**Student:** 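Here it is, the structure in full.
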Amino acid sequence: MRVGSRRRLTLDEPGHPGPVGPSRFGLLVADLDTVHKRALDAGAAEVDAPADRPWKPRSSCVTDPSGNRIDLFQS
């Protein structure tokens with residue numbers, strides 16, 4: 001998986017030595033709407049669409065094909 005110009009290992013990639021399973025983590029991103037759309041285009045399922053909330057930065061949430069939840073936050 002690519003995030004910007006960097007390659008990241010995901011837990012569902014072939015050859016990953018550990019178990020695949022549900023987890024949850026968050027990422028700060030410069031352009032939330034673009035990154036959210038790219039995640040959906042790459043096969044993620046939408047949990048929460050990008051939204052402004054009074055108690056935290058603009059954010060969204062997606063689930064990858066292995067069931068891991070990824071919270072995206074506007075930096």
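If you're wondering where the values come from, they're calculated on a predicted model, not measured in any experiment.
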**Student:** With side-chain contact (heavy atoms from CB on, under 4.5 Å) as the criterion, how do L32 and F73 come out once you've worked through the C-alpha distance, each side chain's angles and the decisive distance to 0.1 Å?
**Tutor:** CA-CA 7 Å; L32 175 65; F73 298 96; over 6 Å; no

**Student:** List the residues meeting side chain to side chain donor-acceptor pair (under 3.5 Å) with D48, not counting sequence neighbours, and say none if there are none.
**Tutor:**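 Residues passing side chain to side chain donor-acceptor pair (under 3.5 Å) with D48: none at all.
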
**Student:** Are L28 and I70 connected in a single hydrophobic cluster, I mean Ile/Leu/Val/Met/Phe/Trp/Tyr linked by side-chain heavy atoms less than 4.5 Å apart?
**Tutor:**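 Each belongs to a different hydrophobic cluster.
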
**Student:** Could you tell me whether a side-chain N or O of S23 sits under 3.5 Å from a main-chain N or O of N68, the two making a donor and an acceptor?
**Tutor:**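 Not at all, since once roles are kept as given, no pair shorter than 3.5 Å links the two residues.
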
**Student:** Who are the side chain to side chain donor-acceptor pair (under 3.5 Å) partners of T34, not counting sequence neighbours?
**Tutor:**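 So T34 forms a side chain to side chain donor-acceptor pair (under 3.5 Å) with D31.
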
**Student:** Any side-chain heavy atom of V47 sitting closer than 4.5 Å to one from V62?
**Tutor:**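 Not touching, per the 4.5 Å side-chain cut-off.
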
**Student:** State, to 0.1 Å, how close P65 and G43 come at their nearest heavy-atom pair, and which atoms those are.
**Tutor:**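 P65 and G43 have their closest heavy atoms at CG-O, 4.1 Å.
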
**Student:** According to a 4.5 Å side-chain heavy-atom criterion applied to Ile, Leu, Val, Met, Phe, Trp and Tyr, with indirect links allowed, do F25 and L72 form part of one hydrophobic cluster?
**Tutor:**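 Yes; L72 is reachable from F25 via cluster members.
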
**Student:** Would you find a donor on one side and an acceptor on the other, under 3.5 Å apart, between the side chain of Q74 and the backbone of R58?
**Tutor:**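 No, because the side chain of Q74 does not come within donor-acceptor range (under 3.5 Å) of the backbone of R58.
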
**Student:** Tell me, with the steps shown, if K37 and D33 meet salt bridge (charged side-chain N to carboxylate O under 4.0 Å, His left out).
**Tutor:** CA-CA 6 Å; K37 182 180 181 324; D33 296 296; over 6 Å; no

**Student:** Which atoms form the tightest heavy-atom contact between S60 and H36, and what is the distance?
**Tutor:**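 Distance-wise, the nearest heavy atoms are OG-ND1, 2.8 Å.
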
**Student:** What verdict does the side-chain contact (heavy atoms from CB on, under 4.5 Å) test give for R24 and D71, after you've listed the backbone C-alpha separation in whole Å, the side-chain angles of each residue and the deciding distance to 0.1 Å?
**Tutor:** CA-CA 8 Å; R24 187 168 192 164; D71 293 299; 2.8 Å; yes

